[in-house]
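Single-structure report; data block below.
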Amino acid sequence: MRVLVIGKGGREHALAQKISESRQLEKIWVAPGNPGMQQSGFECVAVEKTFDVLSFCKSELVDLVVLGPEGAILSDLKQTLENAGISCLAPIPEAAQLESSKVFCKKILSSAQVKTAAFEIAKDLESAQSLIVKHNFSKPLVIKADGLAQGKGVAVCESAERAFPEAQSLSSAYGFPLLFEECLIGKELSAFALCDGEDFVMLGTACDYKRITANPFSANTGGMGAYSPCDFISEADEKEISEIFRKTLKALKRNDTPFVGFLFAGLMLTAEGLYVLEYNVRMGDPETQALLPRIESDFLDLAVKAVQGRLKNQKVEFLPQESVHVVAVSGGYPQSEMQLGHPIKVPEEMLENAQIYFAGVAKKNESLINSGGRVLGITALADNRAQAREVAYQMIRKVEFSGRYFREDIAL
Ligand code: AMP
Ligand code: GLY
């Protein structure tokens, strides 16, 4: 098989790595990828526009294209490639609304009879105000933008005084409708499935760290680390997660929007059981970098079966080890003023042996430099999480660049 992975972050590096372990693979490229992936042995191609990707796939006889980021998934790429007879592992845009419209997501969850926070929809500022007045604030009120907001579209408001300006600023940034949700109390986890439109296989669970420091009120980031599997769910919860995916896929099919691709459930384990907070129609970053190294099965084989609608009765084999992934970011991140352009030193033996995934890096005078917020991450696997954590931290400390920062409490 000749495979092209679309994307340039740590998630796509991990996807390319796992696919490259397949016995079915003849050749793999990443577009556009990054110089760090190149240094790790992947061929990166500088194509990004739909037409250029299509031309590349035709000239290189690519069999399968795997889309990483939501931007590519929501674009015309899948349709264009499939019109040309090239398989593409991604949902159709109508099914991708599961992530791009929270109202659509709620409609599917309700049809699927999957538990989610109770909600009401405000179509304008007036109805937003009356929903705030109606709420008694014995529990906070969660206000959400409907569309994609890169993690910035949610406000958890403890009081009406806070809720009014939040509703105003969310609506002026993202427009209406806004969702007003009950606030769920519990522990968050992420669960992942690979879906073929009807059937699916579970790819595992993970917990990620979104804030820049251990302070839960510190700035939101793209993700500072993760561990897998999630350590606070029971076997019954795992079965329930499978049921949630099964019911959601059925509801999507009934809605004439069958889902093919990676489905990522953001879940909250509450005293009343598991609730879906949101769905994403892609793998998580950095959860992918913690999840995929644990998978023993031939991942390319599963990906091909997903696009062919043949996942029924498939099983994924996992290594018994647990994984910890720690992300190193540029000084100043997540503010826009960052310390960029510094040479990155990665010990040679780590490039060969460690599970290091590159993201915001560029090349200058033959040396890798940091060029983005999240620069790279390292995954370690071990018999237990404490050991994996120790190894991941030992390794990330050996990677040096001026301004380098990482959280010290991942997987503690
Ligand atoms: P979302 O984009 O819907 O995943 O929301 C982003 C974050 O906001 C989640 O990861 C939660 O931490 C928080 N959040 C979203 N919805 C709720 C809710 N109904 N109750 C409590 N926290 C929530
Ligand atoms: N780690 C969360 C995400 O990828 O959206």
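Both ligands and their constituent atoms are indexed starting at 1 by order of listing. Start at 1 with the first residue, then count along the sequence. Below, all heavy atoms of this structure are taken into account, side chains as well, without hydrogens, waters or symmetry copies.
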Are there protein heavy-atom neighbours of atom 21 (C) of ligand 1 below 4.0 Å? yes
Do the ring planes of Trp29 and Phe56 sit parallel (below 30°), tilted (30 to 60°) or perpendicular (above 60°)? perpendicular
Part of Ala117 within contact of ligand 1 (heavy atoms, under 4.0 Å): side chain
Closest non-hydrogen atom pair between Phe137 and Cys157, with its separation: CE2-O, 3.5 Å
Nearest protein heavy atom to atom 6 (C) of ligand 1, by residue and atom, and its distance? Val154 CG2, 3.9 Å
Residues, nucleotides or ligands: over 12 heavy atoms within 6.0 Å of Gln394 CD: yes
Once the angle between the rings of His13 and Phe42 is folded into 0 to 90°, is it parallel (under 30°), tilted (30 to 60°) or perpendicular (over 60°)? perpendicular
Strictly under 4.0 Å, does any heavy atom of Cys183 approach an atom of ligand 1? yes
Looking at Arg282 and Glu70, is any side-chain nitrogen of the basic one under 4.0 Å from a carboxylate oxygen of the acidic one? yes
With atoms numbered from 1 as shown, which atoms in ligand 1 lie under 4.0 angstrom from a non-hydrogen atom of Lys210? 10 (O)
So that I can tick it off, tell me whether Lys115 and Glu240 are bridged by a salt bridge, with the cut-off set at under 4.0 angstrom between side-chain N and carboxylate O. no
Taking non-hydrogen atoms only, is Glu182 closer than 4.0 angstrom to ligand 1 via side chain, backbone, both or neither? backbone
Polar proximity ligand 1 side, Leu184 side, N/O cut 3.5 Å exclusive: yes
Does the pair Lys312/Glu198 count as a salt bridge with the N-to-O cut at 4.0 Å? no
Name the closest protein heavy atom to atom 19 (N) of ligand 1, giving the residue it belongs to and the distance to 0.1 Å. Glu181 OE1, 2.8 Å
Test salt bridge (Lys or Arg N to Asp or Glu O under 4.0 Å) applied to Lys102 - qualifying residues, sequence neighbours left out: Glu278
NZ or CZ of Lys187 within 45° of Phe232 ring axis and under 6.0 Å: yes
How far is atom 3 (O) of ligand 1 from its nearest protein heavy atom, and which residue and atom name does that atom have? Lys144 NZ, 2.8 Å
What residue and heavy atom of the protein are closest to atom 12 (O) of ligand 1, and at what distance? Glu188 OE2, 2.4 Å
The closest protein heavy-atom partner of atom 23 (C) of ligand 1 is Leu277 CD2, 4.0 Å
Would you say the side chains of Thr80 and Asn83 form a donor-acceptor pair under 3.5 Å? no
Inspect the surroundings of CD in Glu126 and state if more than 12 heavy atoms from other residues, nucleotides or ligands are less than 6.0 Å away. no
If you scan protein heavy atoms around atom 4 (O) of ligand 1, the nearest is Glu278 CD, 2.8 Å
A quick test of your reading: do over 12 heavy atoms of other residues, nucleotides or ligands sit less than 6.0 Å from CD of Gln79? no
Heavy-atom contacts with ligand 2 below 4.0 Å: which residues, ordered by chain and residue number? Asp208, Phe264, Arg282, Gly284, Asp285, Pro286, Glu287
